[in-house]
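Worksheet: one structure, shown below.
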Number of protein chains: 2
Amino acid sequence: MTTGEAHRHGPKRADMVTITDVARHAGVAVSTVSYVLSGKRSISSTTRQRVLASIDLLGYRPHAGARALASRRANVIALVLPLRTGMHLPVLMQLVTAVVTSARQVDHDVLLMTADEGPNGLRRIAASSMVDGVLVLDVEMSDARAPVLRTLERPSVLIGFPADARGLTCVDLDFHQAGARCVEHLAGLGHTRMALLGAPRVVYERDTGFAHRTRAGCLEAAVRLGRTLSAYACGESPPEVHATLATLFAQDPGMSGLVVHNEAAVTHVLAALPRFGRRVPDDVSVVAICPDQVAESANPSLSSVLIPAEDVGRQAVSLLMRKLTGGTVPDATLLVPALTVRSSSAPAPTPTHYH
Amino acid sequence: MTTGEAHRHGPKRADMVTITDVARHAGVAVSTVSYVLSGKRSISSTTRQRVLASIDLLGYRPHAGARALASRRANVIALVLPLRTGMHLPVLMQLVTAVVTSARQVDHDVLLMTADEGPNGLRRIAASSMVDGVLVLDVEMSDARAPVLRTLERPSVLIGFPADARGLTCVDLDFHQAGARCVEHLAGLGHTRMALLGAPRVVYERDTGFAHRTRAGCLEAAVRLGRTLSAYACGESPPEVHATLATLFAQDPGMSGLVVHNEAAVTHVLAALPRFGRRVPDDVSVVAICPDQVAESANPSLSSVLIPAEDVGRQAVSLLMRKLTGGTVPDATLLVPALTVRSSSAPAPTPTHYH
DNA sequence: GCGCAGCGTCGAAGCGCTTCGAATGCGACC
DNA sequence: GGTCGCATTCGAAGCGCTTCGACGCTGCGC
């Protein structure tokens, strides 16, 4: 269905209400309407009422492009998503939702970019004044986008930490503290001999920040609390998990508190423990660092430190906004992890003799 | 007109290259640069070269807002995602990626909206000339957004069919044909007695289009090919699946070809069949209508009709573009389903006697 | 030799909005 | 009563781009 008026000069839509229309209808100057809307100058309450009434009546909506042109602010931020996503999808979605919602709360919209346009996409978007700032999700250690962001003429915030984060603003969960929380929880339940079952060895061998940080956090907490903790790298397949557990129990049969930081392996761990004669949580307590969904759908449900997707998204937007308004922000923002107790952790058992 | 002047009236960014700069540098009029870029008037090749060189040299990028203002086209489409997503997440992501990529190919960007802003969000976006058109994902039968779209001053395309699709442009998989394909596949393998295990009863009782269409497609194909097919609604829990299968085999022990259109139940079906003494695919062949991932990760992997997310996304964008350029498009676009043969289907067994 | 048709280019008029400086009106103050 | 200060409001100048009519030029037909 076409609207009338197809072939005029400056394409003139009959149905578009402009600020001029509002001004005329309210009997004020255009600038007055603008000031009512932006609040950048004081307007008498009678005038304000009148203008607002006209706006309402005419159904006026400011033209985003015109506004961007005149004010040099688009009120749009770019959200860069990877297309290859190693990330847990539900968590990603939570993040995205949180970002969009938070952005809307400060009157911004979100432009979606997939990574396949690569660095050039970033430059294009930024240079065209289409967005005021950029939010990058699912950052990798050696992220090709990181260097580009540094040279970009617009502020940006990363969710996650690349290997080289200098000069970049990053947000993520505080994995060091997450590790510590897990150990503290187990220690609080009376466990004295613990283990960390972490990511595959290769992950540690690359300088993958968050894996190291988790391990350091666990070890530090164990030392601080006077407990034993040994850390194991662990593959993701059932056989590898089984092998790791075998080694672990061989070295320390009395181990009763297990921290798992390996999303893929965690269900296999639960499945394998009974085969070593350990019931969860009666003989061994398990605490995981993983998305909520994984923790909840496990059997038994896992006590865990969650990825606080909501918070991360909100924080990221808030940081970006602060940068946009010329504020100064910390380079690194680490979110305080929260531990949720579920069915996989319980007070330490009285010592048993295993062979 | 002097360019110097750092602290004039309108905020002047030193780092922004405008079309005026390009024109001056190339020694032509501003309009000429514009025409080189848009190709809307013929320009001599020498001039074009010169202009393009200047653009390149200066690193010029048109200001999106200014362009939108003058041309009344934002070159942005809105993508509306639900926040509550009943949809299979990987499929959703595929769709989103496909949409973004397709849009970029026709020089459009994508503005992301979550549904929680509701109908008002749609109106806001549309009226502010921020987007030229709207793409709505994951449409429900009784979708609150549908009526709004009809009154919107911008074209829209839905992915999925609401109950009342009058006056709306919708795209989806052709479920009728999908059902038929499954039956044809089984018939081709020599199966004569088949069954359809569909969605829960309530889904049929609401007038849920795609469930009915699948069933009709299966029945029609069975009749056409001279085979037996009975359709069963089926719940999603293991006990319900077990019960349905029990009924099914009680009524027709010789059933050897099973079509499953129930994502949630399909794994339970595979798990339950052995308990009825049926091996897959030796005794019973199973064909599913489900996302690729589900089919691939099942054991045995499922022969299935996939949701062609890529195609759907591409089609949706292409339809929207056609509407934007004043073209006329069909109300309903049904995508041809493709069946992928995997390990769950095999030639019909020689008749066996079950009790 | 003159008129005419195109081609290629230019100049100017906006698109709808923000923002700055200036104008207005009013009570207060000397 | 004149002047100053304050609170409001107005007018106009752009923001960077597109688009339309106009114009100069060349080559052609008569």
Side-chain angles (χ1 to χ4, degrees), chain A residues 5-24 26-51 55 58 60-75 127-130 132, chain B residues 1-3 5-24 26-51 55 58 60-75 127-130:
Chain A
E5 285 286 333
H7 56 111
R8 279 285 300 138
H9 173 104
K12 181 80 184 171
R13 288 181 75 101
D15 56 349
M16 167 141 230
V17 182
T18 73
I19 197 173
T20 311
D21 299 331
V22 175
R24 187 179 321 116
V28 298
V30 165
S31 50
T32 303
V33 177
S34 177
Y35 286 126
V36 165
L37 251 24
S38 69
K40 294 196 178 173
R41 282 199 185 177
S42 63
I43 297 287
S44 73
S45 130
T46 47
T47 306
R48 192 204 325 287
Q49 302 305 333
R50 202 142 37 88
V51 170
I55 287 180
L58 302 180
Y60 165 69
R61 305 284 187 162
H63 185 291
R67 185 171 262 192
L69 181 56
S71 68
R72 304 184 133 297
R73 288 284 260 102
N75 273 37
S128 69
S129 302
M130 194 166 238
D132 304 319
Chain B
M1 150 180 336
T2 33
T3 37
E5 292 282 340
H7 59 110
R8 275 291 296 140
H9 184 106
K12 181 80 185 170
R13 286 180 76 103
D15 57 348
M16 166 143 233
V17 182
T18 73
I19 198 173
T20 311
D21 299 331
V22 175
R24 189 181 318 116
V28 299
V30 165
S31 50
T32 303
V33 177
S34 177
Y35 287 125
V36 165
L37 251 24
S38 69
K40 294 195 178 174
R41 280 198 187 179
S42 63
I43 296 287
S44 73
S45 133
T46 47
T47 306
R48 193 204 325 288
Q49 300 307 331
R50 203 143 37 87
V51 170
I55 288 180
L58 302 180
Y60 166 70
R61 305 283 189 162
H63 185 291
R67 186 170 262 193
L69 181 56
S71 68
R72 304 187 129 298
R73 287 282 263 104
N75 273 34
S128 70
S129 302
M130 194 167 237

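Computed from a predicted structure; not experimentally measured. Just so we're on the same page: letters track the sequence lines, and every chain starts at 1.
Rounded to an integer number of Å, the gap from A:Arg50 CZ to D:dT9 C1' is 11 Å. A:Leu58 places its CG atom 15 Å from the P atom of C:dG16, with the value rounded to the nearest Å. Here C:dC17 presents its P atom at 6 Å from CE of A:Met16, a figure rounded to the nearest Å. B:Gln49 has its CD atom 14 Å from the P atom of C:dG8, to the nearest Å. At whole-Å resolution of the value, CE in A:Met130 and P in D:dC17 are 13 Å apart. One can place CD1 of A:Ile55 at 16 Å from P of C:dG16, the figure rounded to the nearest angstrom. When the P atom of C:dA12 is taken as reference, atom CD1 of B:Ile19 falls 16 Å away, rounded to whole Å. Rounded to an integer number of Å, the gap from CZ of A:Arg24 to P of D:dC10 is 14 Å.
OP1 or OP2 of C:dC17 lies within a sub-4.0 Å distance of a side-chain N or O belonging to A:Tyr60. OP1 or OP2 of C:dT18 has at least one side-chain nitrogen or oxygen of A:Ser34 nearer than 4.0 Å. Neither OP1 nor OP2 of D:dC17 sits under 4.0 Å from any side-chain N or O of B:Arg72. For the pair A:Arg73 and C:dC17, the criterion of a side-chain N or O lying under 4.0 Å from OP1 or OP2 is not met. Neither OP1 nor OP2 of C:dG16 sits under 4.0 Å from any side-chain N or O of A:Arg67. An OP1 or OP2 oxygen of D:dT9 is reached within less than 4.0 angstrom by a side-chain nitrogen or oxygen of A:Thr47.
Of all heavy-atom pairs spanning B:Ser129 and A:Met16, the tightest one is OG-CE, 3.6 Å. Across all non-hydrogen atoms, the minimal contact from A:Val17 to A:Leu58 is CG2-O, 3.4 Å. When all heavy atoms of A:Ala68 and A:Ala74 are compared, the pair lying nearest together is CB-CA, 3.9 Å. Between B:Val28 and B:Arg50, the shortest heavy-atom distance links the atoms CG1-NH1, 4.1 Å.
Rounded to the nearest 0.5 Å, atoms CE (A:Met130) and CZ (B:Arg61) are 12.0 Å apart.
Of all nucleotides listed (C:dA12, C:dC20, C:dG14), C:dC20 comes nearest to the side chain of A:Ser31. Of the candidate nucleotides C:dT19, C:dC15, D:dC15, D:dC15 has the atom nearest to the side chain of A:Leu69.
Here A:Thr47 pairs with A:Ser44 under the side-chain hydrogen bond (donor to acceptor under 3.5 Å, both in side chains) rule; sequence neighbours left out. Not counting sequence neighbours, A:Arg24 has no partner by the side-chain hydrogen bond (donor to acceptor under 3.5 Å, both in side chains) test.
The residue A:Val28 sits close only to the backbone: its heavy atoms come under 4.0 Å of sugar-phosphate atoms, none of a base.
For the segment residues 37-46 of chain A, the set of residues with a heavy atom within less than 4.0 Å of an atom of DNA chain D comprises A:Arg41, A:Ser42, A:Ile43, A:Ser44, in numerical order.
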Short N/O separations, protein against nucleotides 25-27 of chain D, under 3.5 angstrom:
none

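Counting atom types as modelled, A:Tyr35 pairs a side-chain N or O with a base atom of C:dC20 as donor and acceptor under 3.5 Å.
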Below 3.5 Å, can you tabulate the donor-acceptor pairs from side chains in residues 31-42 of chain B to any protein atom, sequence neighbours excluded?
| from | atom 1 | to | atom 2 | distance (Å) |
| --- | --- | --- | --- | --- |
| B:Ser38 | OG | B:Ser34 | O | 3.3 |
| B:Ser38 | OG | B:Lys40 | N | 3.3 |

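In the helix from C:dG1-D:dC30 to C:dC30-D:dG1, the rotation axis of the first five pairs and that of the last five pairs differ in direction by 60°, rounded to 10 degrees.
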